[in-house]
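To start, the structure itself, in structure tokens.
Along the sequence shown, residues carry numbers from 1.
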Amino acid sequence: GAIGVGLMGVDAKFRAPVHDGEVLEIVLRVTSFDRKSLHLAYEGIIDSRVVVQGQEVRGLFKMTPAGMIAGDMQDLRSYLVRNGFPENTD
């Protein structure tokens, strides 16, 4: 049994200051969806100006008798595709 989708890596670059009251739009893209990991990229935009960029890597974790391991994400990907997630993330 899977325990959950956990964070394996994260990075952010803050490109410009943000002021109280500004409206921040966050754009999320899936950059790759491999057998063992899901790679996401973020952009934070205010008035067409990119103020923050980030990325993260997520994995599906499951418990085995030997301990916690990274599980195969194919079942999750299949579920997402059946429910409208694009097959090709490029």
Side-chain angles (χ1 to χ4, degrees):
I3 294 175
V5 178
L7 186 62
M8 297 175 9
V10 66
D11 182 50
K13 304 270 189 287
F14 297 92
R15 304 287 183 197
V18 175
H19 304 286
D20 191 27
E22 292 182 306
V23 176
L24 176 67
E25 174 187 0
I26 298 178
V27 178
L28 168 66
R29 289 183 308 109
V30 175
T31 56
S32 69
F33 202 147
D34 304 324
R35 190 171 74 81
K36 298 272 186 177
S37 63
L38 171 65
H39 297 246
L40 304 169
Y42 302 90
E43 278 192 331
I45 301 167
I46 296 175
D47 296 328
S48 73
R49 175 176 54 107
V50 176
V51 296
V52 63
Q53 293 174 303
Q55 59 187 355
E56 65 181 57
V57 180
R58 296 217 168 237
L60 183 67
F61 295 96
K62 66 183 212 174
M63 191 57 77
T64 69
M68 192 179 309
I69 64 168
D72 190 328
M73 295 188 74
Q74 187 56 45
D75 288 343
L76 175 59
R77 183 180 186 138
S78 296
Y79 170 82
L80 292 172
V81 167
R82 281 193 313 271
N83 289 281
F85 186 84
E87 182 78 37
N88 184 353
T89 58
D90 297 328

Shared ILVMFWY cluster between [X] and [Y], side chains joined below 4.5 angstrom?
X   : Y   : result
F14 : I46 : yes
L76 : L28 : yes
Y79 : L40 : yes
V52 : V18 : yes
V5  : F33 : yes

Hey, is the main chain of H39 close enough, under 3.5 Å, to the side chain of T31 for a donor-acceptor pair?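 A pair under 3.5 Å: yes.
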Any donor and acceptor pair, going by atom type alone, linking the side chain of D47 with main-chain N or O of R49 inside 3.5 Å?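 Answer holds: no.
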Can you find a pair of side-chain heavy atoms, one from Y42 and one from I26, that are under 4.5 Å apart?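 SC-SC contact between Y42 and I26 confirmed.
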With E56, which residues qualify under salt bridge (charged side-chain N to carboxylate O under 4.0 Å, His left out), at least two apart?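 With sequence neighbours excluded, E56 shows a salt bridge (charged side-chain N to carboxylate O under 4.0 Å, His left out) to R58, given in chain and number order.
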Which atom pairs, donor and acceptor, lie under 3.5 Å between side-chain atoms of residues 64-71 and protein residues at least two apart or in another chain?
{"unit_1": "T64", "atom_1": "OG1", "unit_2": "A66", "atom_2": "N", "d": "3.2"}
{"unit_1": "T64", "atom_1": "OG1", "unit_2": "G67", "atom_2": "N", "d": "3.3"}
{"unit_1": "T64", "atom_1": "OG1", "unit_2": "G67", "atom_2": "O", "d": "2.7"}

Mind checking the CD-CZ spacing from E43 to R29? Nearest 0.5 Å is all I need.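 One gets 7.0 Å once the value is rounded to the nearest 0.5 Å.
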Approximate separation, where rounding is to 0.5 Å, of S37 OG and L60 CG: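 S37 atom OG to L60 atom CG measures 11.0 Å (nearest 0.5 Å).
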Hydrophobic clusters join Ile, Leu, Val, Met, Phe, Trp and Tyr when side-chain heavy atoms are under 4.5 Å apart, directly or via other members; which others share one with V27?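 ILVMFWY cluster around V27 also holds I45, V50.
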Indicate the atoms forming the closest heavy-atom contact of K36 with D72, along with that distance.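 In this case the closest contact between K36 and D72 is NZ-N, 4.4 Å.
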